[in-house]
Amino acid sequence: MKDFLEDLNERQKEAVLYNEGPLLVFAGAGSGKTKVITYKIAYLIEKMQIPPSRILAVTFTNKAANEMKERVEKLIGANIRGLWIGTFHSICARVLRREIPVLGYEKNFTILDEEDAIRVIKEATKEADFDPKYFNPKKIKNHISAIKRKLITAKEFSGMSHDYFESVVSSIYKRYEKILKENNALDFDDLIMLTVRLLKTHQDIAFYYKDKFKYILVDEYQDVNRSQYELLKIFAENHRKITVVGDDDQSIYSFRGAESDLIFKFQDDYPDAKIIKLEQNYRSPQEILDVANELISHNPVRSGKTLFSDKHLRDAVRLYEAADQIDEARFVVKKIKEIRKQEGKRFSDFAILYRMNFQSRTFEEYLIEEGIPYRIIGGVRFYSRAEIKDIMAYLSVINNPRDDLSFKRIINVPPRKIGPATLKKIQDTKNETGLTLYESLKYLIENDKLSGSGAKNLKAFYELIKELKEDAKMLSLRQLTEEIISKTGYYKYLMSKGIEGEGRVENVKEFINMISEFMKESEDTSLTAFLTHLSLITDMDTAKDGNRVTLMTLHTAKGLEFPVVFIVGLEEGFLPHYRAFESSKELEEERRLFYVGITRAKEKVFFTYAHRRNKYGVYAPTQPSRFISEISLENEEINEEPYETEIRINVGDKVLHRVFGVGKVYEINTDREAPYAVIDFIKVGKKKLDLRYAPLEKLGG
């Protein structure tokens with residue numbers, strides 16, 4: 001035991017050794033908060049001989065949970081089967097898989113991802129006689145999520161709506177809840193909401209979990225929302241040995257329902273709580289921390305930490321004033337090349353952080369132009385690809401025949417010549433009998449109520465699902481998935497889509513590889529467990545490493561670190577975002593967001609802003625972010641002289657662009673301050689390019 005405790009500083013060691021009651025650890029960025037939780041779990045198991053099954057550890061990503069578990073096992077040199085460790089959603093899913101029948105659901109419930117949930121909202125909107133064109137399903141879904149995070153049911157909300165929009169939401173919420181129940185399905189918010197309801201209404205079940213979890217440890221506590229907070233209070237009620245670790249200065253997820261003041265409310269709930277601050281930073285040099293400390297000191301309500309480090313590095317913080325977004329992108333790419341050459345860095349050592357996703361475009365173009373590999377975190381998720389969702393839908397129907405949403409997705413995939421009239425007959429039968437779509441199909445077949453060309457295909461589909469349900473009892477997950485692909489002719493169907501079909505086949509093969517990994521690593525390899533695992537995967541869990549520059553939003557960057565960080569677009573309206581201008585609370589969160597970005601840097605951080613940007617085709621002046629004036633910066637670089645395109649082109653000329661290829665000049669404007677040309681490229685269509693910077697070569701003929 002002595003060996004690994006020596007790895008801790010005095011404050012970290014104090015946090016690990018205190019286990020008499022509630023503990024609140026204010027852990028600054030890079031101060032080793034995850035290390036504290038990891039070592040504390042190891043200490044409880046190894047030194048205090050607490051069975052792993054009596055410990056609950058809550059993290060905010062599945063990836064972090066897996067890494068934490070591996071580190072604990074390495075520390076104590078033993079397997080820790082039985083430890084409950086995971087995200088709030090995975091912990092609640094685990095509880096509900098055991099206990100949900102008392103709430104009127106079956107254990108094999110389907111968990112909808114965000115995309116499928118919005119699809120159901122659209123359906124519910126139509127059922128409520130509202131037009132989805134006028135009532136945006138995503139906006140409605142976000143509103144319902146906010147209601148669920150407050151643990152308010154559809155029935156309760158119907159008496160609380162105050163205006164027309166809320167009355168619309170109420171009507172849609174009722175139908176949404178009804179559709180989910182009919183499909184034996186839950187969305188992400190239900191996982192926590194129903195677990196809290198379960199524990200509040202069934203005292204015998206609540207007693208079991210309150211007694212079971214003697215020690216509770218929570219990472220990233222500043223990001224909890226109201227429903228998660230209520231869940232933790234219930235779990236900790238008996239033993240009160242709860243340790244929460246967080247940083248109020250990094251609370252940046254209010255749009256997801258996180259309430260930054262809940263970290264301070266912990267002291268009201270547990271007045272006897274011990275409070276420890278971790279302020280020694282092991283990630284960044286003091287020069288970066290000085291800037292971060294100075295910035296965040298402008299927020300009035302905080303725990304008051306001052307980060308310090310033993311490391312020092314000259315010129316660790318730089319500010320670049322760009323002429324415009326083109327100059328900004330060119331500077332960033334130039335610096336990446338320069339630092340790589342001078343310091344031998346890998347591309348993966350660099351990150352470009354921005355406030356909004358659309359800001360990545362200009363940087364992408366210049367990275368492509370220079371042949372620099374990159375990845376964008378937060379793009380299309382692997383598990384959101386159509387071919388992956390198709391296979392998942394087959395698995396879901398096999399697991400949960402009540403899942404009408406998945407049933408509708410696969411009944412004609414691959415195409416089976418089942419027309420709208422035939423599908424309507426199944427839906428009408430469902431409406432008349434109260435059966436599921438799968439049961440309705442069975443009813444129509446057994447009562448010989450199907451006729452025409454679609455009858456044979458429907459019977460074949462029914463028999464296929466029936467066979468696959470039997471296969472599922474005997475085959476492994478991988479074998480079952482391969483059987484689905486084989487019996488449906490899915491690869492042949494994908495290949496019929498031409499060149500893109502090859503890539504889709506490779507995606508399905510990668511999915512099968514992932515199943516093999518799941519089977520090796522998981523204690524429970526059942527179909528239900530696998531589908532639960534899939535539904536809880538996030539972008540950060542699937543982001544693959546590799547020697548590539550990383551582009552992502554500041555929100556996504558939390559919890560990560562890079563040797564060199566560029567925080568771009570530091571202008572009023574971007575950071576802080578224009579929506580925060582009229583709210584001091586939101587402005588403080590924007591400041592915390594900038595603070596999070598700064599503290600991702602291990603060696604260097606570059607700030608950039610542009611004096612003007614192209615907005616809606618017109619260059620307009622910008623205002624530097626107010627946050628720049630709140631920090632002391634000695635090293636500033638002014639924009640370079642703009643690169644002038646030497647070639648002279650005319651309308652009708654053929655040109656070659658390094659990124660877009662060959663094109664024909666469609667329009668030229670040289671009278672403005674920012675001369676441009678509209679060029680019709682063979683590969684990408686029309687593009688409007690700034691003639692001062694566009695890498696063009698005039699072609700003869």
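One is the number of the first residue; the rest follow in order along the sequence.
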Between the side chain of Ser251 and the main-chain N/O of Asp248, is any donor-acceptor distance below 3.5 Å? no

What's the separation between atom CG in Leu96 and atom CD1 in Ile91, rounded to the nearest 0.5 Å? 11.5 Å

When you measure from the side chain of Glu156 to the backbone of Thr153, do you find a donor-acceptor pair of N or O atoms at a distance under 3.5 Å? yes

Rounded to the nearest 0.5 Å, what's the gap from CG on Leu560 to CD1 on Ile377? Could you check? 6.0 Å

Test of ring centre spacing under 6.0 Å for Phe607 and Phe594: yes

What's the verdict on side chain to side chain contact (heavy atoms under 4.5 Å, CB included) for Phe88 and Val224, showing C-alpha distance, side-chain angles and the deciding distance? CA-CA 9 Å; Phe88 277 103; Val224 299; 3.9 Å; yes

Distance-only donor-acceptor check, side chains Asn281 and Ser309, under 3.5 Å: no

Within the structure provided, determine whether Ile567 and Thr608 are in side-chain contact (heavy-atom separation under 4.5 Å). no

Dump the intermediate steps for side chain to side chain contact (heavy atoms under 4.5 Å, CB included) on Glu572 and Phe581, then the final yes or no. CA-CA 9 Å; Glu572 292 288 289; Phe581 288 169; 3.8 Å; yes

Could you check whether Thr528 and Arg97, counting side-chain N and O atoms only, form a donor-acceptor pair closer than 3.5 Å? no

Under 3.5 Å, side chain of Glu589 to main-chain N/O of Ser254, donor-acceptor pair present? yes

Could you tell me if Ser522 and Asp524 have a donor-acceptor pair between their side chains, going purely by distance under 3.5 Å? no

Is the closest side-chain heavy-atom distance between Tyr105 and Leu194 below 4.5 Å? yes

Cationic tip of Lys35 within the cone over Tyr39's six-membered ring, i.e. under 6.0 Å and within 45° of the normal? yes

Do Ser227 and Glu230 meet the criterion of a side-chain donor-acceptor pair at a distance under 3.5 Å? no

Does Glu237 use its side chain to pair, donor to acceptor, with the backbone of Lys233 at less than 3.5 Å? no

Output, in order, the C-alpha distance, side-chain angles, deciding distance and verdict of side chain to side chain contact (heavy atoms under 4.5 Å, CB included) for Glu166 and Phe157. CA-CA 9 Å; Glu166 287 194 347; Phe157 186 68; 4.2 Å; yes

Let me see the working for Glu603 and Arg283 under salt bridge (Lys or Arg N to Asp or Glu O under 4.0 Å), right down to the final yes or no. CA-CA 8 Å; Glu603 297 172 17; Arg283 178 186 299 149; over 6 Å; no

Any side-chain heavy-atom pair of Phe188 and Ile111 under 4.5 Å: yes

For Lys265 and Tyr229, does a side-chain donor sit closer than 3.5 Å to a side-chain acceptor? yes

Would you please indicate if the ring centroids of Tyr270 and Phe266 are separated by under 6.0 Å? yes

Closer than 3.5 angstrom, by distance alone: can the side chain of Glu70 be matched with the main-chain N or O of Glu67 as a donor-acceptor pair? no

Pair Lys150, Asp189 - check salt bridge (Lys or Arg N to Asp or Glu O under 4.0 Å), show working. CA-CA 10 Å; Lys150 294 174 183 174; Asp189 300 302; over 6 Å; no

I need the Asp190 CG to Ile100 CD1 distance, nearest 0.5 Å. 8.5 Å

Decide if atom CZ of Phe207 counts as having more than 12 heavy atoms of other residues, nucleotides or ligands within a radius under 6.0 Å. no

Looking at Val596, is its backbone amide N or carbonyl O close enough to the side chain of Thr599 to form a donor-acceptor pair, meaning the two atoms are under 3.5 Å apart? yes

Check step by step if salt bridge (Lys or Arg N to Asp or Glu O under 4.0 Å) holds for Asp223 and Arg256. CA-CA 9 Å; Asp223 292 332; Arg256 292 182 190 166; over 6 Å; no

Between the side chains of Ser90 and Thr87, is a donor N or O closer than 3.5 angstrom to an acceptor N or O? yes

Are side-chain N/O atoms of Gln286 and Asp290 paired as donor and acceptor at under 3.5 Å? yes

Can Gln203 and Tyr208 be counted as having a side-chain donor-acceptor contact under 3.5 angstrom? no

Answer yes or no: is there a donor N or O on one side and an acceptor on the other, between the side chain of Lys40 and the main chain of Tyr18, under 3.5 Å? yes

dist Lys69:NZ -> Thr59:OG1 (nearest 0.5 Å) comes out at 13.0 Å

Just checking, is any N or O donor in the side chain of Asn9 or Tyr282 under 3.5 Å from an acceptor N or O on the other one? yes

Testing the 3.5 Å rule here: is there a donor-acceptor pair between the side chains of Gln222 and Glu220? yes

Are Thr306 and Phe308 close enough that some pair of their side-chain heavy atoms sits under 4.5 Å apart? no

Step-by-step side chain to side chain contact (heavy atoms under 4.5 Å, CB included) determination, Met68 to Asp219: CA-CA 11 Å; Met68 194 178 287; Asp219 196 6; 4.3 Å; yes

Partner of Asp247 under side chain to side chain contact (heavy atoms under 4.5 Å, CB included), chosen from Lys305, Arg592, Lys277, Lys33: Lys305

Is it true that atom CD of Glu20 has more than 12 heavy atoms of other residues, nucleotides or ligands lying nearer than 6.0 Å? yes

Side-chain donor-acceptor pair present, Thr556, Thr553, cut-off under 3.5 Å: yes

Validation row: Glu571, Ser625 side chains within 4.5 angstrom (heavy atoms): no

Taking the side chain as C-beta and beyond, is there a heavy-atom pair between Leu593 and Leu575 under 4.5 Å? yes

Could you check, using the six-membered ring where one of them is a Trp, whether His555 and Phe255 have ring centers closer than 6.0 angstrom? yes

Can you say whether the rings of Phe566 and Phe606 are parallel (under 30°), tilted (30 to 60°) or perpendicular (over 60°)? parallel

With the side chain counted from C-beta on, respond yes when Glu590 and Phe627 share a heavy-atom pair under 4.5 Å apart, and no when they do not. yes

Taking atom types as modelled and ignoring hydrogens, do the side chains of Arg375 and Thr550 form a donor-acceptor contact shorter than 3.5 angstrom? yes

Say whether, by atom type as modelled, one donor and one acceptor occur between the side chain of Arg302 and the main chain of Ser297 under 3.5 angstrom. no

Could you tell me whether Arg314 and Glu287 make a salt bridge, using a distance below 4.0 angstrom between a side-chain N and a carboxylate O? no

Distance (rounded to the nearest 0.5 Å) between Leu289 CG and Gln280 CD: 10.5 Å

In this structure, CD1 of Ile45 is separated from CD1 of Ile76 (nearest 0.5 Å) by 4.5 Å

Tell me which one of Glu630, His298, Glu586 satisfies side-chain hydrogen bond (donor to acceptor under 3.5 Å, both in side chains) with Arg591. Glu630

Would Phe518 and His533 count as a close aromatic pair, with their ring centres under 6.0 Å? yes

Got a donor-acceptor contact below 3.5 angstrom from the Asn66 side chain to the Lys63 backbone? no

Does any N or O in the side chain of His577 come within less than 3.5 Å of the main-chain N or O of Arg579, such that one atom is a donor and the other an acceptor? yes

Sub-4.5 Å side-chain heavy-atom contact between Leu295 and Asn293: no

Can we say Glu561 and Arg600 salt-bridge, meaning some charged N sits less than 4.0 Å from an Asp/Glu carboxylate O? no

